[in-house]
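These notes concern the structure reproduced below.
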Amino acid sequence: MVTITFPDNSIKQFEQFPTGMDVAVGISEGFARNCVAMKIDDRLLDLHRPIKNDAHINFITVNDDQALDILRHSAAHVMAEAVLNLYPEAKLTIGPVVEDGFYYDIDMPPVSEDDLGKIEAEIQKIIKAKATFERRVVSRQEALEIFKDNPFKLELINELADQKISLYKNGQFIDLCRGPHIPHTGMIKGIKLMKISGAYWRADQSREQLQRLYGTAFFDKKKLNQYLHLIEEAKKRDHRKLGTRLDLFSFHDEAPGMAFFHARGMDMWNALLDYWRAAHRAGGYVETKTPVLLNRKLWEKSGHWENYRENMYTSVIDDEEYAIKPMNCPGGMILFKTRSYSYRDLPLRAGEVGLVHRHELSGALSGLFRVRSFHQDDAHIFMTPDQIETEVLGVLHLSEKIYRQFGLTFHLELSTRPEKSIGTDVQWEEATNGLKAALKQYGKEYIINEGDGAFYGPKIDIHIKDALGRTWQCGTVQLDMALPERFDLTYKGKDNEKHRPIMIHRVIYGSMERFFGILVEHFAGKFPLWLAPVQAVILPITQDLTDHAEFVKKDLDAAGIRCEVDHRNETLKKKIREAQVNYVPLIITIGEKEKESQTLSVRTLDGKVKMGVGVEDFVRPVLGHIKERTLDDIIL
RNA sequence: GCCCAUGUAGCUCAGUCGGUAGAGCGCUUCCUUGGUAAGGAAGAGGUUCACCAGUUCGAUUCUGGUCAUGGGCUCCA
């Protein structure tokens, strides 16, 4: 007799040991069809496992997040089977689930993207067969025997602590696996192989080079298509493509990983920076600037020479060794020490949009997202220990304000003390509690990453979510307990004694370059008016009206509206189309009527045209809209 | 840095089974003077096909190396 307790605390008793599937069918056939796995007293198990003890049961159905991981793991098995069918010599290694799907690393001759179709066809055969996943537990000895031809699996088996080793069999295919799996391969309704890349066994360059086959899978075909659509959409938004098309920035062999910003890109850059400055000024920050090239002695003192040397560019000048800064903080330390501070001066919030260089691996570079030269919208906050909470809270509020301005939502992650760290237990506790208290007061849920903090202090990372739902870590608030110590920073307390300030190191955009790239993709090139590189384009209807168009441009320039005249000898239709596909928010046409009446004809992005608008009546609402930094399209 | 792929006009790309290159867009000029999503024609543009070697009578094409870009690995903002 087994007693099963359901999540709603109802109970059901079974004479014989039921499998999870039996219990599910007992609820209803339809429900059972949607079940993927079950949790028995919080252990995730296959549905065909018999339940031998009284237990709490919780079914994982196709709608649960966990179900997708189970499906994808099973899909990895199916893909592996398909590969083995086509390439019997291939040796499987590991096949985990990743964020957007799964992969399997396989020791086999290189395959090309063209071969994926063939493998997919084989996968479809396996799916059609609706093969069940059968679990088998064998002894270590048996397992070693079964996988005797596969050195990778043998290595894995030898590392397993358990003497009992579980295998899964679907069709003729057997793989070493912890499970659980979906009931049968037929549940994989949407599967697609995405790409191939090389990978090393155990990510170790000295070991075997493997073929990594990436795929993704869903419970229904529609979801797969949505996902594929998202990828297509992301491709269209690729900031590298849009950056070229919209004439914003470029990269050149002469400076790999370092962006050239074009005039239009700089207009956007400056709009971003103007906003940043306004928001920080309002938040009680001052702005500072420190040099790019600093003496080696400073980097030795800060610890960078020891810990960050391989990422730093160095140079010898007058027999002295210098390094280009990879971070702004050491310079900030020198700034702090230029005068003495009273507790009354704290907190001191010193911002710096600092240009830093980091020698990233050549293979890691990627557009504006991963560069070797970038600007951090840095700030160092020096404060007393009891100011931690309010200051951190202040940074969180400022970050929220700034991200909102772009329509970006975000989530928070707290990282605590890592194994290798400096500072005392008391300091860490004080610092971590300060962050937690700030988070609590901020009132938003957050994730904790135990042991993921920097060696010099705990931190809060802010991950933003863009219009396609992709997340990016941009902001970070780090408590630094090392640098104030190393540089012997002090302030005079009420007691007339010297005290050590606590320092916050924080960024909100993170890297200006990367944030710029994220915005290009977030808006897909359709920037809100205040950011748009070209806010208005003036189109003379006929060539002889070009002079008047230039005349109008002068007025708009003077008003501070970024505008251009399209003076090509092309038809109005063509010029309008181009302005419209590039999302120029305001399209002004100038004809005889406008010239005579000294008015404008304005077309907005909704395609509507307003004729006879006086220049004053145009400038006023446009400037208002820019000043508000509204995300909505401007409509006159 | 490592693996794979790619590198041809400002952009997107075609092509040459080895005999010194082409399209569309863009640009210039001309025709057109057009009132809200692509008017027409002609022309200029490649230090000759990323760079450096090698093979060859001859290389953009084959081979090797270098650099860069892309996708991964690794790392991180």
Side-chain angles (χ1 to χ4, degrees), chain A residues 98 103 105 110-113 194-214 235 238 240-241 243-247 250-257 308 310-311 326-328 354 356 358-378 454 459 461-464 472-476 478 505-515 517-518 539-546 568-582 587-594 601-605 607-611:
Chain A
V98 287
Y103 68 80
D105 281 348
V111 286
S112 74
E113 306 259 337
M194 304 302 293
K195 58 194 166 198
I196 305 167
S197 78
Y200 296 101
W201 172 234
R202 310 239 126 155
D204 183 345
Q205 289 178 20
S206 66
R207 313 237 16 209
E208 294 85 342
Q209 170 83 38
L210 309 169
Q211 296 291 308
R212 176 168 294 181
L213 304 189
Y214 282 90
K235 257 190 208 158
D238 190 319
R240 292 165 299 198
K241 291 218 164 79
T244 303
R245 205 189 88 203
L246 301 177
D247 196 15
S250 55
F251 284 92
H252 303 276
D253 288 4
E254 289 81 354
Y308 208 71
E310 65 280 13
N311 282 303
M327 296 179 197
N328 301 304
V356 297
R358 299 182 185 175
H359 185 259
E360 300 290 348
L361 295 178
S362 60
L365 303 179
S366 176
L368 289 175
F369 287 165
R370 189 124 203 106
V371 292
R372 285 178 170 160
S373 167
F374 59 102
H375 295 73
Q376 285 183 307
D377 64 319
D378 223 336
K459 62 171 181 173
D461 287 329
I462 312 177
H463 297 249
I464 59 168
W472 312 89
Q473 198 232 297
C474 287
T476 182
Q478 305 188 351
H505 178 106
R506 45 111 288 183
V507 291
I508 295 178
Y509 289 155
S511 147
M512 290 275 297
E513 280 78 353
R514 192 169 78 121
F515 195 74
I518 292 169
L539 314 179
I541 291 177
T542 62
Q543 288 253 283
D544 49 354
L545 285 161
T546 306
R568 295 174 304 168
N569 183 13
E570 294 290 352
T571 55
L572 220 222
K573 273 178 194 280
K574 179 161 184 167
K575 293 181 187 180
I576 284 178
R577 178 173 192 276
E578 279 182 25
Q580 191 92 30
V581 299
N582 286 329
I587 301 170
I588 298 167
T589 45
I590 299 284
E592 274 306 330
K593 281 185 222 156
E594 285 76 16
S601 160
V602 185
R603 178 179 166 127
T604 40
L605 282 180
K608 300 246 166 63
V609 181
K610 203 169 171 187
M611 317 259 291

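A, B, ... follow the sequence lines: proteins, then strands. Residue 1 opens every chain.
Remark: D461(A) engages K459(A) in a salt bridge, criterion side-chain N to carboxylate O under 4.0 Å.
Not a single donor-acceptor contact under 3.5 angstrom links the side-chain atoms of S366(A) to the base of U69(B). Residue-to-nucleotide contacts include no donor-acceptor pair under 3.5 Å from the side chain of E254(A) to the base of A68(B). One can find a donor-acceptor pair under 3.5 Å joining the base of U32(B) and the side-chain atoms of N569(A). With hydrogens and angles left out, the side chain of E570(A) and the base of G40(B) share no donor-acceptor pair within 3.5 Å. For C76(B), its base sits under 3.5 Å from the side chain of R370(A) at one donor and acceptor pair at least.
Here R577(A) does not reach the OP1 or OP2 of U36(B): none of its side-chain N or O atoms lies under 4.0 Å away. For R240(A), no side-chain nitrogen or oxygen approaches OP1 or OP2 of U69(B) to under 4.0 Å.
Taking every side-chain heavy atom of T571(A) into account, G39(B) is the closest of G39(B), A68(B), G35(B). Considering only side-chain atoms of R358(A), the nucleotide from U69(B), G35(B), C76(B) that sits closest is C76(B). The side chain of F374(A) has A77(B) as its nearest neighbour among G34(B), G71(B), A77(B). Residue L361(A) has its side chain nearest to G1(B) when only A37(B), G1(B), G39(B) are considered. Minimum atom distance to the side chain of S601(A) is reached by U36(B), of the listed A77(B), A37(B), U36(B).
One can place CG of L246(A) at 15 Å from C1' of G26(B), the figure rounded to the nearest angstrom. Between the NZ atom of K574(A) and the P atom of U33(B) there is a distance of 18 Å, rounded to whole Å. Distance NZ (K573(A)) to P (A38(B)): 5 Å, rounded to an integer number of Å. Rounded to whole angstrom, the span from the CD atom of Q478(A) across to the P atom of C76(B) amounts to 12 Å. The distance from atom CZ of R506(A) to atom P of A77(B) is 15 Å, rounded to the nearest whole Å. Atoms OH (Y214(A)) and P (G72(B)) sit 7 Å apart, rounded to a whole Å. Taking atom CD1 on I541(A) and atom P on A37(B), their separation rounds to 12 Å, with Å as the unit. Atom NZ of K575(A) is separated from atom C1' of U33(B) by 11 Å (rounded to the nearest Å).
Residue contacts for G517(A): at a heavy-atom cut-off of 4.0 Å it reaches no nucleic acid atom on any strand shown. Contacts of V581(A) with the nucleic acid, taken as non-hydrogen atoms under 4.0 Å apart, include base atoms. Across all strands shown, V371(A) has heavy atoms under 4.0 Å from base atoms, whether or not it also approaches the sugar-phosphate.
Where pairing requires Watson-Crick or G-U contacts shorter than 3.5 Å, the helical stems of RNA chain B with at least three consecutive pairs are B:1-7 with B:67-73, B:10-13 with B:22-25, B:27-31 with B:39-43, B:50-54 with B:62-66.
An anti orientation is assigned to G65(B), its glycosidic angle lying beyond 90° of 0.
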Problem set entry | nucleotides 5-13 of chain B: protein proximity per nucleotide (B base, S sugar-phosphate only, - neither; heavy atom, under 4.0 Å) | ---------
